[in-house]
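In what follows, chains are A, B, ... by sequence order, proteins preceding strands, each numbered from 1. What you see below is based on every heavy atom in this structure, not just the backbone, and it leaves out hydrogens, waters and symmetry mates. Keep in mind it's a predicted model, so treat the numbers as computed, not measured.
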Amino acid sequence: MISQRKTHIYLERQPRFNDMMLSLKATARVPKGMIRETEEVVALARKFTDEVVRPNVSNLDLTMHSDPEYLDWEYVKKANDMGLYTLFIPRALGGKGYNISSMAYFLEEIGSACVAMSNLVGVHYLGVDTLGATWNARLLKRIFHDVREGERTGNPCLLSLATTEPNAGTDVEEVDLVERGKIGCRAERVKGGYKLNGMKCFISNGHLSTWHIVIAYADTKKPAESVVVLAVKTGTPGFSFGRMEHKMGQKACPASELIFEDCFVPDNQVGIDPEQMRKLSRSPRETYQQMIDYVVSTSRACVSAFGVSVARGAFEQALRFATETMVDGQLLINHEWAQVHLAEMYRNVLVGRLAYEQANYANDLYGFYKWFTWKPAFYFLKYVPEAIIDKVIAPMLDHPLATWLLRKLQFDLQTDAEFHCTSGWASLAKVTGTDAGLANGRLALELMGKAGVRHDQRAEKFLRDSKLLQIYEGTNQLNRINMLKCFIGSAHPEIRVFDEEG
Amino acid sequence: MIGLLDENLKPVADMAAGFAAKELAPRREESDKFPFGPYYDDVLNKAHELGFFGVTLPEELGGINMGLSALCVILNQLGSADASLAAVILANSYAQELMLAAGAGDALGSITGKAGKLTDFLIASPLFANPAEENLTLTATATKKGYVLRGTYDFLVLGAMAGHALVPAAMEGKPGYSLFLLHLDDSAVTLSNTVFTIGLHTCPAVDITLKDTKAVLIGEAGQGARYFDTVAPRISIAAAAIAAGIMRGSLSEALNYSATRVQGGKVIARWSELQTILAGMSIQTQCAELLVSRICGLAEEASSGWEEYTEAASLSILDMACPLTTDGIQVLGGYGYMKDYGQEKRFRDAHQIKTVLGGAPMKKLRLIRGTLKKNGVLAS
């Protein structure tokens, strides 16, 4: 009917078919084994939530009210004992190798009881992903080995991502902004490594983490061209913790200050730096943006899942209340207005989940997980015997060729259109899921009336927790602009973002 | 708000603003820790010395009798810095007005006129609920010496700090509910721990259990709803005044922050998306202040049909306060979510006030059903 060439032209026209029909493409491409894995992690999350999270949510939140600097090591140890900190690390790197897309569903389950406790697991993978996005095979192997050892010995080894600075929040989320930002965290090249100075703030799980993946800059006047990703271990001379923030919600997950004063970081803890970036096909500035997009394309899908989890938790409490409470002689659930109210809350949950599913699909097809979800690679990594990993694959990871190959595949072969697709969907998911979380937190209180404001009725916490989700991993305003840039900007070269006059 | 009210109230507004700046704002984070930290009794006592707990109370009953507008001005100014104290004053004023509406001035005077310390002056009440919209959980039984109450009541505001409580109870053979006054230090009263809530932590509530607790009937038996309907429009204006104060505080904090915080190479107030957010906040705050001023005037003039207008306006203001305080946090980004600024508390307080005093769906249904009954669509 239409020639192949014309079909292609029609499908590339805005809105691009690949943007519109992502799930149609993905369902044919992703391995069936991913479904089984996702079922397993959701079941595990439900078990963990029933046994560890739900019994402690209320007490932990109250404890945090009375002592905002309390660190719940006991919970972290239980998560560690259950193997949650290696769950989504590839087997070849010492983890259990569950597909990373399933993490969002996993986090939603825990977050529907307590998003802060879900984050105590989830934000570890923000560090994992950021380190992963350097595609530095030797460093990945080393640090993930520590995580596995932490699991084996019962001493949790968590990762954090340290990027936000006191004077740069939104600025560090976009290369276009960072070059105009007041950047303070400097990595000075010295013999054998870098000397790190500056402060990071709002670092989730900072006080609980062993390794900190620090985003620093060799030249703070030209940060866009000089990003340096460093792995700094707790206890390193020159590195200390500052205050823990006193937050409105998500209290159990600490937000920490990290202070670096002439902190020496050796070369073997450099994830990537401008020197290494110059060996890639893109400029350091473009590679930096690509790294940001790799990280936020995965992390924003997970933050969307957090939003959905809050929306779901608020819905579940409102539903419980409506089925237990008599109003004017009949159960609240049988009042028509309440039914519509609850249906709207349920809709928010489902739409939010659909949005982060799409973001996952984008990552499966074009982003972080592209090569891991390619069927031959997926099944090889899933079933390759441990002995071969230990004797063949692990030693290969130490060879510079492994890093070269990973970077070739992940940096050089990824097209701009691909990372625009993943980044755009991640932003859409982040905004949709987190707005759903806040909306349902509010709707739950409306439905429940004065019972809703009581802590013991388990709804108000969801509202408090939800607000932070609209702020971190890029404010929802920033994410809306990113959606415009990624989805619409490619067809409209006249669009310039973050470049407003005035 | 103050600019639109009687000039005579400016000294009152200034006094309340000064008090808020000196006593409330600097201690906001610390006082918000209650019940996990100490209660700010000293602040309450200073507010009492200034007459804040008897603004609408006649002088012969120990008040300063300055009227609803003065009360709203004070609540508005306090609410801008920290709404919790304003809520304490509101809760106490509600109980006082309810007793006056029931013709129980003598009983009220026996409390307020003789009280030495503040706790003796305060009266706990179910401020956050219209008893007619709830299942009655207390029952009153007549005895030779008066009445005794039995049952439980959830969310008695100021219950842990007041000397007396005014509660609704069902009486056998009487439709609706009646109001009763009881001593909270009676051994037949059991108080729960402070109910921990999303906001207004220093305006605490408790759940109470009564076991044949002696109580005095306030007003006529079965007439509680009539007294409530008399008082509710005035109290809803006062609640709206607090909400408008919260909005003003949130807007001021957002304006100050956005004028100094730099992102993308310029102060964030110069980005047009942020200006759009600030514009929305500013418009809503000014509308809220205008509405509070106007409905205060309507109430004091007792214009025909003022009650319906004031309730509608109050509900609208309480509805506006929640999204506005959400934006108030968003402007400050991560800092807005932390206790260092007042934004996160304003968010929590606004949601508590809106949820329990404002736009709960049942309240809106009651309003429209009243209209439908007047129009003959629903049976009276």
Let's test your reading of the structure: which of A205(B), G199(B), G264(B) forms the most heavy-atom pairs below 4.5 Å with chain A? G264(B)

When you look at OH of Y346(A), are more than 12 heavy atoms from neighbouring residues, nucleotides or ligands closer to it than 6.0 Å? no

Which donor-acceptor pairs under 3.5 Å do the side chains of residues 495-502 of chain A make with protein atoms, sequence neighbours left out?
from, atom 1, to, atom 2, distance (Å)
R496(A), NH1, D499(A), OD2, 2.6
E500(A), OE1, S272(B), N, 2.9
E500(A), OE2, S272(B), OG, 2.3

What option among V178(A), V453(A), D67(A), L177(A) has the most heavy-atom pairs under 4.5 Å with chain B? V453(A)

Taking side chain to side chain contact (heavy atoms under 4.5 Å, CB included) as the definition, give me every residue that meets it alongside T475(A), ordered by chain and number, with sequence neighbours left out. T170(A), Q477(A), L478(A), Q330(B)

Using non-hydrogen atoms only, which part of K266(B) is less than 4.5 Å away from chain A: side chain, backbone, both, or neither? side chain

Side chain, backbone, both or neither: which part of L274(B) has a heavy atom under 4.5 Å from chain A? neither

Members of residues 435-445 of chain A whose heavy atoms come closer than 4.5 Å to chain B: L438(A), R442(A), L445(A)

Report yes if the distance between the aromatic ring centroids of Y335(B) and F202(A) is under 6.0 Å, otherwise no. yes

Answer key: most heavy-atom pairs under 4.5 Å with chain A among Q352(B), R270(B), R261(B) is R261(B)

Counting heavy-atom pairs under 4.5 angstrom with chain A, the leader among K339(B), E344(B), Q263(B) is Q263(B)

Closest-packed option against chain B by number of heavy-atom pairs under 4.5 Å, given G452(A), A338(A), G249(A): G249(A)

Most chain B-contacting option - heavy-atom pairs closer than 4.5 Å, from R243(A), M448(A), Q457(A): R243(A)

Heavy-atom pairs under 4.5 Å with chain A, option from L200(B), V195(B), D32(B) with the top count: V195(B)

Pair N476(A)-K430(A), side-chain donor/acceptor within less than 3.5 Å: yes

Centroid separation H201(B) to F36(B) less than 6.0 Å: no

Is a donor from one side chain sitting under 3.5 angstrom from an acceptor on the other, for S299(A) and E473(A)? yes

T220(A) side chain to K182(A) side chain, donor-acceptor N/O pair below 3.5 angstrom: no

Hits for salt bridge (Lys or Arg N to Asp or Glu O under 4.0 Å) against D327(B), two or more places apart or cross-chain, chain-then-number order -> none

For E179(A), is it the side chain, the backbone, both, or neither that has a heavy atom closer than 4.5 Å to a heavy atom of chain B? neither

Under 4.5 Å to a heavy atom of chain A? For I277(B) that would be side chain

Closest non-hydrogen contact found for L136(B) with P131(B) is CD2-O, 4.4 Å

Atom CD of Q330(A): over 12 foreign heavy atoms under 6.0 Å: yes

